[in-house]
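Residue numbers run from 1 in the order of the sequence given.
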Amino acid sequence: MSITAQFKEAVKNANSLTERPSNEDLLKIYGLYKQATEGDNNTERPGGFDFKAAAKYNAWKNLKGTSNEEAMQQYIDLINRLKSA
């Protein structure tokens, strides 16, 4: 199975996790998904008091330079870990 097919399967699995992941894991999931699907974050940082948007921005920005394939693999590994927890 190709990495892309495994990634798509992991995305489906992420939506059917039995327990809600921790906020830290949710941010990792978000950042890895954005890195895998869009590449490096070149958007402007959200301002002011939008803490949720800022956290999501940082989670994605911290993955700068990570290849799409590496981000996909990390996403797959994280979802598989959460699924078996």
Side-chain angles (χ1 to χ4, degrees):
M1 186 185 282
S2 73
I3 186 82
T4 305
Q6 290 177 50
F7 178 72
K8 287 179 181 176
E9 184 67 26
V11 170
K12 284 183 198 170
N13 289 336
N15 292 321
S16 61
L17 292 172
T18 53
E19 288 188 32
R20 185 179 191 279
S22 67
N23 287 341
E24 183 181 328
D25 284 336
L26 286 171
L27 287 171
K28 284 181 192 174
I29 290 168
Y30 174 83
L32 289 168
Y33 179 84
K34 294 293 272 185
Q35 188 70 22
T37 58
E38 297 185 32
D40 289 343
N41 183 352
N42 295 314
T43 62
E44 208 170 295
R45 189 175 197 290
F49 295 99
D50 193 347
F51 299 116
K52 184 176 178 181
K56 290 168 80 173
Y57 173 90
N58 290 335
W60 182 14
K61 190 75 170 175
N62 290 338
L63 294 166
K64 185 175 185 167
T66 304
S67 72
N68 294 50
E69 291 79 18
E70 178 59 27
M72 284 183 190
Q73 188 59 58
Q74 288 182 34
Y75 183 95
I76 293 163
D77 293 344
L78 176 58
I79 296 303
N80 286 340
R81 180 177 61 80
L82 292 172
K83 206 170 92 173
S84 64

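How far NZ of Lys56 is from CD1 of Ile29: 12.0 Å, rounded to the nearest 0.5 Å. Here the straight-line distance linking atom CD of Gln74 with atom OG of Ser67 works out to 8.5 Å at 0.5 Å rounding. Atom CD of Gln6 sits about 8.5 Å away from atom CG of Asn80, to the nearest 0.5 Å. Expressed to the nearest 0.5 Å, how far CG of Leu63 lies from CG of Asn58 amounts to 11.0 Å.
In this structure, the side chains of Ile3 and Ile76 come closer than 4.5 Å at one or more pairs of heavy atoms. In this structure, the side chains of Tyr75 and Ile79 come closer than 4.5 Å at one or more pairs of heavy atoms.
Ala71 and Ala36 make their closest contact through CB-N, 3.7 Å (heavy atoms, listed as atom of the first residue, atom of the second, distance). Of all heavy-atom pairs spanning Thr43 and Asn41, the tightest one is OG1-OD1, 2.5 Å.
For the salt bridge (Lys or Arg N to Asp or Glu O under 4.0 Å) with Asp25, the qualifying choice from Arg20, Lys83, Arg81 is Arg81, the only one to do so. For the side chain to side chain donor-acceptor pair (under 3.5 Å) with Asp40, the lone residue among Gln35, Lys61, Lys64 that qualifies is Gln35.
Using a 4.5 Å cut-off between side-chain heavy atoms of Ile, Leu, Val, Met, Phe, Trp and Tyr, with links allowed through other members, Leu17 and Val11 fall into the same hydrophobic cluster. In the hydrophobic clustering of this structure, Phe7 groups with Leu78; members are Ile, Leu, Val, Met, Phe, Trp, Tyr whose side-chain heavy atoms approach within less than 4.5 Å, directly or through other members. In the hydrophobic cluster analysis, where Ile, Leu, Val, Met, Phe, Trp and Tyr join through side-chain heavy atoms closer than 4.5 angstrom, Tyr33 is grouped together with Leu82.
Under a cut-off of 6.0 angstrom, the local environment of OH in Tyr57 is crowded, with over 12 non-hydrogen atoms contributed by other residues, nucleotides or ligands.
Using a 3.5 Å distance cut-off with no hydrogens or angles, the side chains of Gln73 and Glu69 do not pair a donor with an acceptor.
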